[in-house]
Amino acid sequence: MQFWWWEFRFSELVTEWTLGLYFFLVTYAVSLFLLAVILVPRAWEGVEDLDEFFLQRRAWFYWVLLWGTGVDVVDGLLKGGSGYLVDTLGFSIWLLWGATLVACVVGLWSRRIRHQGAIVRPAVR
């Protein structure tokens, strides 16, 4: 829902939609879909340990998350450039993107579930 709420801003900014903008938004939505597909098993019968399931797919997850974060940066720039990012979204968006980048680097580097949990737990609370 948050994705669609923020993407609704394009209806205020763009009077004439282009095929490129449409495909950009579809790409953004696909990145969120892929994150869910990577995290949720297709068949639960073969999954005995969700930690191990995630560790086997963690590289895919973090690469797609990095890609999606890059798409989010472009999305912000399309909505109003750097002025929009600074004036409307403020410092917090840069903090979020930076934290996501650090989390992805640590997640890609470490195969320990303890490190993976340290990345996720602060966001879940």
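If you read the sequence from its start, that first residue is 1, and numbering goes on from there.
- Summarising the geometry, atom OH belonging to Tyr62 is positioned 8.5 Å from atom OG belonging to Ser110; distances are rounded to the nearest 0.5 Å.
- Residues meeting the ring pair (Phe, Tyr, Trp, His ring centres under 6.0 Å) test with Trp17, sequence neighbours left out: none.
- For Trp63, the CH2 atom counts as loosely surrounded, since its 6.0 Å shell holds 12 or fewer non-hydrogen atoms of other residues, nucleotides or ligands.
- More than 12 heavy atoms of other shown residues, nucleotides or ligands fall within 6.0 angstrom of atom CD in Gln56.
- The two residues Leu108 and Ala59 have their closest heavy-atom pair at CD2-CA, 3.6 Å.
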Does the side-chain contact (heavy atoms from CB on, under 4.5 Å) test come out yes or no for Arg58 and Phe54, once each step is laid out?
-> CA-CA 6 Å; Arg58 80 184 204 300; Phe54 176 75; 3.9 Å; yes
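- Separating the OG atom in Ser92 from the CH2 atom in Trp97 is a distance of 9.5 Å, to the nearest 0.5 Å.
- Considering every non-hydrogen atom in both Val47 and Leu50, the closest pair reads CG1-CD2, 3.8 Å.
- Put simply, the side chain of Leu78 does not reach to within 4.5 Å of the side chain of Asp75, judged on heavy atoms.
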Got a list of side-chain donor-acceptor pairs under 3.5 Å for residues 19-41, not counting sequence neighbours?
residue : atom : partner : partner atom : Å
Thr27   : OG1  : Phe23   : O            : 2.8
Tyr28   : OH   : Asp72   : OD1          : 2.6
Ser31   : OG   : Tyr28   : O            : 2.6

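- Residue Leu101 holds its CG atom at 6.5 Å from CG of Leu66, rounded to the nearest 0.5 Å.
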